[in-house]
Amino acid sequence: MSRVVYIEELPRHVGEEVAIRGWLFNKRSSGKIRFLIVRDGTGFLQCVATVKDTEPESFELCERLPQETSLIVTGTVREDPRAPGGYELLLKRLTTVQVPKEQFPIALKEHGVGFLMDHRHLWIRMRRQFAILRVRDAVMWAIREFFKREGFVATECPIIVGTQVEGTTTLFPLDYFGEPAYLSQSGQLYLEATCMALGKVYWIGPAFRAEKSKTRRHLTEFWMAEAEMAYFDHGDNLALQERLVRYIVEYVIAERKRELEILERDIEALKREVEGPFARVTYREAVEVINSEGVPMEYGDDFGAPAEDALSKHFGRPVFVERFPARIKPFYMKRDPNDPSVALCADLIAPEGYGEIIGGSQRVDSEEELLRQLEEYNLPREPYQWYIDLRKWGSVPHSGFGLGVERTVAWITGVRHIRETIPFPRMLDRLYP
RNA sequence: UCCCCGGUAGCUCAAUUGGCAGAGCAGCCGGCUGUUAACCGGCGGGUUGGAGGUUCGAGUCCUCCCCGGGGAGCCA
């Protein structure tokens, strides 16, 4: 019995006889020599079958097996420049696990988006999706490692909530034993409470927004990495965010180079974008930059997609936009003491038109200010009582932010639409598969 | 919710002014000892999204509906 290994481990087994357990991805034949491309989740491997080296029954099977047959291949690993990836398996024996009776829907040809989305459960087996999802994995690990190194405590937030964070139009309502409840749009309010217990906290969790938006940057269910830090002011907050984003990008480049190559991502461009300090402008300056790029907008408007694109084009690296007019930002953001019309907040706009990847702010820390702002936003006091309560018992300056995982993955991988950056995207009009 | 584009073979698309519904790929059969989405020869494959209308004649024009894609607003 040959040793079972994974494709990504093959460089360590050159010359040995090994077994790979996987699926038939593609095949080519030239009469007496046959090539199988086998995938196993860690990579893709070319297997070479010849009359001389391969057992007759196995050689025969090579010609007949359909795409996505699950199989176990045994043979000798060798280095060969003609093989995609540089290594191949000289096939000795092939045994099938299950042979599909019908044709696999996704051919190795072009397909329309609607067709691919209907077959998302199978589409994720293809090479590009494999690469994207492995980059996503690296992004998740980078976030966890970064926060651990920085001394953060990993925590969790409730997903079923009774209070709202963002606007009322974007909630998914549900019936909680007869009481109205919602799917969480953000864990922020809970993280504010938790950071008063644990100092620096983060979590990576899902967020739900029932917005009827159909764009390449929106999902109704997406993942956020949220952090909240006691005793951090606005400046500390931005410095931390910049370290995080740079860490993620460098981590992915180091760990997932092969995947970025499959995706034909310009790795040098990505490196350059995070090399130096990120750009920082105030909202007021940003409006001028946007206007100078030929996109009309006025002071007081929120940024639309064209405005964000103009900014990212102008700077060519991530850019923080600070101090938005308070009235276009949520109630919990602390006002700038020097100019109470603006909030101590910042959005981080990714390069290359991927839009806002982080939104964050220093939070209101006094009870009076919080009560005043709840009133300004016409929000009821009752459901926020516990949140108000936090300001009564040793309240301190604190700040936090949320990073959108899918938009970050989209930027790093260079994929245009974020629906490809999560295994099963939830979008307007798309609940299956 | 609004604006734009589209729906023809399993998939991706073509079909001139309204005039015989076609090609590539996939599938099946055959060939090829280094292929890289392999290639070469042959074969089968259609309720043109649905309903109604105009017309001698509709894939093509009109009305309504369904579905998909792109974008806007809003946001991460």
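Throughout, protein chains are lettered first and strands after them, A, B, ... in sequence-line order, and every chain is numbered starting at 1.
The side chain of Lys32(A) sits closest to C32(B) out of G73(B), U1(B), C32(B). Of the candidates G69(B), U33(B), U35(B), U33(B) carries the atom nearest the Ser30(A) side chain, counting heavy atoms from C-beta on. Considering only the side chain of Ser29(A), C32(B) comes nearest among C11(B), G71(B), C32(B). Here the side chain of Val113(A) is nearest to one of A76(B), C74(B), G69(B), namely G69(B). Taking the side chain of Val48(A) as heavy atoms from C-beta on, and the options G34(B), U12(B), A72(B), the nearest nucleotide is G34(B). Among the nucleotides A76(B), G34(B), C11(B), the one closest to any side-chain atom of Phe222(A) is A76(B). Checking C75(B), G71(B), G69(B) against every side-chain atom of Arg209(A), the shortest atom distance belongs to C75(B). Candidate nucleotides C74(B), U35(B), G69(B) were compared by shortest atom distance to the side chain of Arg28(A), and U35(B) ranks first.
Using a 4.0 Å heavy-atom criterion, one finds that His417(A) contacts the sugar-phosphate atoms exclusively. Within the 4.0 angstrom heavy-atom criterion, no nucleotide atom of any strand lies near Thr408(A). Counting any heavy atom pair closer than 4.0 Å across all strands shown, Gln103(A) reaches sugar-phosphate atoms only and no base atom. Ala207(A) comes within 4.0 angstrom of no nucleic acid atom, judged by non-hydrogen atoms across all strands. Within 4.0 Å of His111(A), counting heavy atoms only, lie sugar-phosphate atoms of the nucleic acid but no base atom. Residue Glu406(A) is out of contact with every strand shown, counting any heavy-atom pair closer than 4.0 Å. Contacts of Asp80(A) with the nucleic acid, taken as non-hydrogen atoms under 4.0 Å apart, include base atoms. Among the heavy atoms of the strands lying under 4.0 Å from Arg430(A) are primed sugar atoms or P, OP1, OP2 only; no base atom is included. Using a 4.0 Å heavy-atom distance criterion, Arg419(A) is classed as a sugar-phosphate-only contact. Within 4.0 Å of Ile37(A), counting heavy atoms only, lies no atom of the nucleic acid at all. Looking at heavy-atom distances under 4.0 Å, Glu308(A) makes contact with a base. Within the 4.0 angstrom heavy-atom criterion, no nucleotide atom of any strand lies near Lys52(A). Arg34(A) comes within 4.0 angstrom of nothing in the nucleic acid, heavy atoms only. Using a 4.0 Å heavy-atom distance criterion, Arg128(A) is classed as making no nucleic acid contact.
Residue Phe104(A) is the one, among Phe104(A) and Asn26(A), whose nearest nucleotide of RNA chain B lies closer to the 5' end (criterion: closest heavy atom). Toward the 5' end of RNA chain B, the nearer of the two residues Pro84(A) and Met224(A), judged by each one's closest nucleotide, is Pro84(A).
Shown here, G68(B) forms a base pair with C5(B); the pair counts as Watson-Crick or G-U wobble because both key distances fall under 3.5 Å. Across the strands present, G59(B) finds no partner; the criterion is a Watson-Crick or G-U wobble pair with both atom distances under 3.5 angstrom. In this structure G45(B) sits in no base pair that meets the Watson-Crick or G-U test at under 3.5 Å. Nucleotide U12(B): paired with A23(B) (Watson-Crick or G-U wobble, both distances less than 3.5 Å).
Using a cutoff of 4.0 Å between basic side-chain nitrogens and carboxylate oxygens, Lys329(A) and Asp336(A) are not scored as salt-bridged. The pair Arg78(A)-Glu88(A) counts as a salt bridge, with a side-chain nitrogen and a carboxylate oxygen less than 4.0 angstrom apart. Looking at Glu275(A) and Lys271(A), no side-chain N of the basic residue comes within less than 4.0 Å of a carboxylate O on the acidic one, giving no salt bridge. With salt bridges taken as basic N to acidic carboxylate O contacts below 4.0 Å, none links Arg284(A) and Glu288(A).
Here Phe303(A) and Phe324(A) bring their ring centres to under 6.0 angstrom of each other. Side-chain rings of Tyr299(A) and Tyr283(A) approach one another, their centers coming within less than 6.0 Å.
G69(B) and C32(B) have their C1' atoms separated by 42 Å, given to the nearest Å. Separation of the P atoms belonging to U60(B) and U48(B) is 10 Å when rounded to the nearest angstrom. Spacing between A76(B) and U1(B) at atom P, rounded to whole Å, works out to 23 Å. Comparing the same atom, P, in G18(B) and in G59(B) gives a spacing of 13 Å after rounding to whole Å. Taking atom C1' on both U33(B) and G70(B), the two are 48 Å apart, rounded to the nearest angstrom. Nucleotides A51(B) and U47(B) place their P atoms 13 Å apart, quoted to the nearest Å. Here the separation of C11(B) from A26(B), taken at their P atoms, is 15 Å to the nearest Å. With P as the reference atom, G44(B) and C65(B) are 43 Å apart, rounded to whole Å.
Listed for the Gln373(A) side chain is a donor-acceptor partner under 3.5 Å among the backbone atoms of Phe331(A).
Contact between the side-chain N/O atoms of Lys109(A) and the OP1/OP2 oxygens of C11(B) is not found at any separation under 4.0 Å. For G71(B), one of the phosphate oxygens OP1 or OP2 lies less than 4.0 angstrom from a side-chain nitrogen or oxygen of Arg216(A).
A donor N or O paired with an acceptor N or O is not found under 3.5 Å between the base of C75(B) and the side-chain atoms of Thr215(A). Counting atom types as modelled, Arg407(A) pairs a side-chain N or O with a base atom of C75(B) as donor and acceptor under 3.5 Å. Side chain Glu88(A) to base G34(B): a donor-acceptor pair is found below 3.5 Å.
The CD1 atom of Ile33(A) sits 8 Å away from the C1' atom of U35(B) (whole-angstrom rounding). Atom CD1 of Ile106(A) and atom P of C11(B) are 12 Å apart (whole Å). Between the CG atom of Leu348(A) and the P atom of C75(B) there is a distance of 17 Å, given to the nearest Å. For Glu102(A) and G10(B), the CD to P distance is 14 Å, given to the nearest whole Å. Taking atom CZ on Arg416(A) and atom P on G69(B), their separation rounds to 15 Å, with Å as the unit. When rounded to the nearest whole Å, the span between CD of Glu211(A) and P of A72(B) equals 14 Å. In this structure, CG of Leu122(A) is placed 18 Å from P of G10(B), rounded to the nearest angstrom. As rounded to whole Å, 10 Å separates atom P of G31(B) from atom CD of Glu63(A).
The side-chain tip of Arg39(A) does not point at the ring of Phe130(A) from less than 6.0 angstrom away and within 45° of straight on. Remark: Arg125(A) fails to qualify as a cation-pi partner of Phe25(A) under the 6.0 Å distance and 45° angle criteria applied to the six-membered ring.
In the model, Glu273(A) has a side-chain atom that pairs as donor or acceptor with a side-chain atom of Trp411(A) under 3.5 Å.
Residue-nucleotide stacking is not present for Phe35(A) and G34(B), judged by a side-chain ring centre under 5.5 Å from the six-membered base ring centre and planes under 30° apart.
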